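Here is the structure we will look at.
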Amino acid sequence: MSKMVLGCIADDFTGATDLANNLVRAGMRVVQTIGVPSAPLAADVDAVVVALKSRTIAPADAIAQSLDAMKWLQAQGAQQIYFKYCSTFDSTAAGNIGPVTEALMDALGSDFTIATPAFPDNKRTVFKGYLFVGDVLLNESGMQNHPLTPMTDPNLVRVLQAQTKREVGLIDHTVVARGADAVRERIAELRNDGVGVAVVDAVSNDDLLRLGPALAAMPLVTAGSGVAIGLPANFGIEPSSQASALPPAKGLQAVVSGSCSIATNRQVMNFIQTGRPAMAIDPLRIASGVDVTAEVLAWAAPLLADGPVLVYSTAETSAVKSVQGRLGVEEAGAMVERTIAAIARGLVALGVRQLVVAGGETSGACVQALGVTQMQIGPQIDPGVPWCHALAAAADGAGVHLTLKSGNFGADDFFTKAFKVLA
Ligand code: ADP
């Protein structure tokens with residue numbers, strides 16, 4: 001039986017890993033599951049993060065999936081539920097942050113919770129209820145042009161109020177700066193005034209650590225990954241290197257990359273400059289029917305014994321646009337994801353047991369292809385990106401070390417540094 005105390009529900013896949021990483025760094029032993037598990041928890045851990053893909057689906061579906069996750073987490077012993085969303089508060093006009101928060105509050109019989117995407121380590125700060133990304137407001141950060149969740153209002157009280165029937169209030173920085181008692185007093189005041197959800201200011205990790213004790217015993221916390229650094233202490237858990245301990249790494253090493261972000265382009269260049277073997281995948285050749293997976297695996301097989309290889313579809317924006325123009329945006333994306341996932345499965349069949357995957361959607365496709373249902377979270381490589389360990393059907397049930405890097409995370413040398421961290 002596990003002694004799980006904190007149950008988390010994340011609205012996307014790499015966001016779940018980001019939250020798990022912060023909990024591990026604060027001392028919790030954490031498992032991340034891909035969707036709501038069908039069986040009871042087998043691992044002995046302090047927290048579980050259930051990764052959903054509910055950010056942009058219909059609110060009713062997001063609510064149903066989140067409630068399923070909540071019930072499973074409660075059945076495993078969770079004393080507190082943490083609903084995790086993006087540090088840029090990614091949501092559509094209809095939700096899903098407001099509707100899911102409301103549904104979880106109803107189900108937990110809770111009349112008050114907080115909401116803050118603050119993640120100072122990644123330059124997301126909240127002041128007077130306004131969300132900053134680096135030095136600019138959310139609606140000037142590029143997020144105003146996001147294809148699925150354009151964020152045009154930086155005032156989170158207004159954004160959240162538009163998504164929920166509960167009254168939304170603010171716990172501002174003058175309160176947070178005075179510490180947990182001041183926050184508790186302010187919460188009592190807001191409750192009296194009928195406020196159900198309070199946006200909380202935080203501009204530093206110190207703010208988040210001051211906030212933590214005031215959240216003890218709150219049935220539901222909603223936040224980005226930042227608030228997680230202040231919660232483990234409420235359960236008597238302190239940072240320890242034991243929390244991130246994974247089984248020893250063995251086997252061959254490889255990197256697959258389907259991300260076309262600026263950071264990943266730099267990481268691919270950096271790996272190639274080290275002189276290690278790298279092979280590019282051309283989406284147009286896949287589309288023309290060439291068995292690119294077989295080609296790549298035949299190329300990689302004799303090289304793997306000498307160290308990590310890189311397989312990438314990563315390309316500059318102009319090249320991606322040209323491919324998308326010929327194949328269609330979604331078709332190109334899905335086709336490349338399928339190919340990289342098949343390559344990842346083939347590499348594991350060749351004996352790869354340490355695999356770096358770059359790209360959020362690409363990671364989802366690879367984890368599915370490898371037959372992974374849950375991952376234990378290990379040491380951080382760069383902010384937001386830890387190594388994980390999973391039993392993979394593609395490895396006949398053996399353990400594989402995986403790291404899933406969302407596009408813009410990681411330093412330029414991430415693809416070589418990752419293996420050093422594991423060694
Ligand atoms: P990120 O985390 O950087 O957003 P994702 O994996 O989530 O990375 O998304 C990248 C998308 O681009 C995927 O759907 C992937 O299949 C697609 N893609 C990758 N390489 C190419 C390419 N060369 N041309 C067109 N689309 C590509």
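The structure displayed is predicted, hence computed values, not measured ones. The basis for the numbers below is simple: all heavy atoms, side chains too, and nothing from hydrogens, waters or symmetry mates. Counting convention: from 1, in listed order, for ligands and their atoms alike.
Counting heavy-atom neighbours within 6.0 Å of Glu140 CD, excluding the residue itself, gives a total above 12.
Every atom of ligand 1 with a heavy atom of Glu361 under 4.0 Å away is listed here by number and element: 5 (P), 6 (O), 7 (O). Near Cys260, the atoms of ligand 1 lying under 4.0 angstrom from a non-hydrogen atom of the residue are 19 (C), 20 (N), 21 (C). Residue contact check: Thr362 has heavy atoms under 4.0 Å from atoms 6 (O) of ligand 1. Contact atoms of ligand 1 toward Ser261: 3 (O) (distance under 4.0 Å to a heavy atom of the residue). Ligand 1 places these atoms under 4.0 Å from at least one heavy atom of Gly407: 1 (P), 2 (O), 3 (O). Shown in contact with Val320 at under 4.0 Å from a heavy atom are these atoms of ligand 1, numbered in order with element: 25 (C).
Side-chain atoms of Ser261 and Ser259 form a donor-acceptor pair, as typed in the model, at a separation below 3.5 Å.
Close N/O approach between Gln324 and ligand 1 is not found [any backbone or side-chain N/O within under 3.5 Å].
For atom 16 (O) of ligand 1, the nearest protein heavy atom (residue, atom name, distance) is Gly333 O, 2.8 Å. Of all protein heavy atoms, the one lying nearest to atom 23 (N) of ligand 1 is Ser313 O, 2.9 Å. Nearest protein heavy-atom contact of atom 12 (O) of ligand 1 is Gly258 O, 3.9 Å. Counting only heavy atoms of the protein, atom 8 (O) of ligand 1 lies nearest to Gly359 CA, 3.3 Å.
When distances from atom 3 (O) of ligand 1 to the protein are checked, a heavy atom turns up under 4.0 Å.
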Extract all donor-acceptor atom pairs below 3.5 Å that involve side chains of residues 373-383 and protein atoms in other chains or at least two apart in sequence.
residue: Gln376; atom: NE2; partner: Ala245; partner atom: O; Å: 3.3
residue: Gln380; atom: OE1; partner: Asn21; partner atom: ND2; Å: 2.8
residue: Gln380; atom: OE1; partner: Arg25; partner atom: NE; Å: 3.4
residue: Asp382; atom: OD1; partner: Lys417; partner atom: NZ; Å: 2.5
residue: Asp382; atom: OD2; partner: Ala411; partner atom: N; Å: 2.9
residue: Asp382; atom: OD2; partner: Lys417; partner atom: NZ; Å: 3.4

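Taking the six-membered ring where tryptophan is involved, the planes of Trp387 and His401 are perpendicular, since the angle between them exceeds 60° and thus also 30°.
For atom 22 (C) of ligand 1, the nearest non-hydrogen atom from the set Pro283, Ala365, Gly360 comes from Pro283. For atom 13 (C) of ligand 1, the nearest non-hydrogen atom from the set Arg326, Glu337, Lys321 belongs to Glu337.
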